[in-house]
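These notes are about the structure you will find just below.
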Amino acid sequence: MLLVETFPVGPLQCNCTVLGDPVSGDAIVVDPGDDVSKVLAMLEKHGLRCRVILNTHTHIDHVGANDELKASTGARLMLHEADLPLYDNLRVQSEWLGGVMPPPVRASVDDHVHQGDRISAGAVAGEVLHTPGHTPGSLCFHIDGTEPLLLSGDTLFAGSVGRTDLWGGDYDQEIESIRKRLLTLDDATQVIPGHGPVTSIGRERQKNPFLA
Ligand SMILES: [Zn+2]
Ligand SMILES: [Zn+2]
């Protein structure tokens with residue numbers, strides 16, 4: 001049985017998701033945003049140890065707590081290397097937002113992940129789907145289990161797709177990524193986006209105006 005907890009963090013309300021194995025106590029935290037106390041409280045509530053921090057991409061609202069969470073837990077930080085130019089410029093990203101979020105400390109990256117890579121912690125396991133477009137290194141995390149689940153980052157939202165007007169964004173590439181890597185998944189796949197409500201692949205296939 002996989003434990004899944006999603007909660008918004010930080011001023012831009014990025015969805016952080018904790019994926020836990022209640023038997024071994026191992027967990028993967030996807031996009032800790034910038035509220036480490038909220039993340040640590042959720043881990044403690046379920047008696048989990050964070051083994052892996054995975055960033056769906058390196059926009060400042062998704063990576064803010066990387067350093068504090070890594071320091072508190074000793075977890076390995078994983079992301080796609082095509083997003084390193086963004087990750088190396090957190091101060092510039094902070095300026096884009098007019099200082100709503102001060103630039104966080106840049107935690108060192110332990111593993112660069114790629115299309116098709118498997119990531120696991122205890123019984124929590126899944127596959128990396130590289131879906132460039134919102135950013136060059138945007139990825140989705142397709143989690144194993146009897147109930148199919150996808151963490152879609154800022155690539156696919158309920159009724160929308162990620163903005164592509166920031167550095168490295170490419171709308172045509174984003175739509176191609178969604179068609180090639182996400183719409184090929186089962187309709188029943190639950191989708192937890194990087195912001196906003198949960199949806200499913202079937203629902204987006206039918207109703208998302210950007211995918212018509
Ligand atoms: Zn983003
Ligand atoms: Zn975001």
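Indexing begins at 1, ligand by ligand and atom by atom, following the structure's order.
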Under 4.0 Å between a Lys/Arg side-chain N and an Asp/Glu carboxylate O for [X] and [Y]?
X    : Y    : answer
D110 : K70  : yes
R118 : D144 : yes
R106 : D88  : yes
R181 : E176 : no

Query raised in the report: What's the verdict on side-chain hydrogen bond (donor to acceptor under 3.5 Å, both in side chains) for N15 and H195, showing C-alpha distance, side-chain angles and the deciding distance?
Result: CA-CA 5 Å; N15 280 332; H195 302 265; over 6 Å; no
Report task. Give the ring-plane orientation class for H130 versus H80, where under 30° counts as parallel, over 60° as perpendicular and anything between as tilted. Result ->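 H130 and H80: parallel rings.
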Query raised in the report: What protein N/O/S atoms are found closer than 2.8 Å to the Zn ion (ligand 2)?
Result: D61 OD2, H62 NE2, D154 OD2, H195 NE2
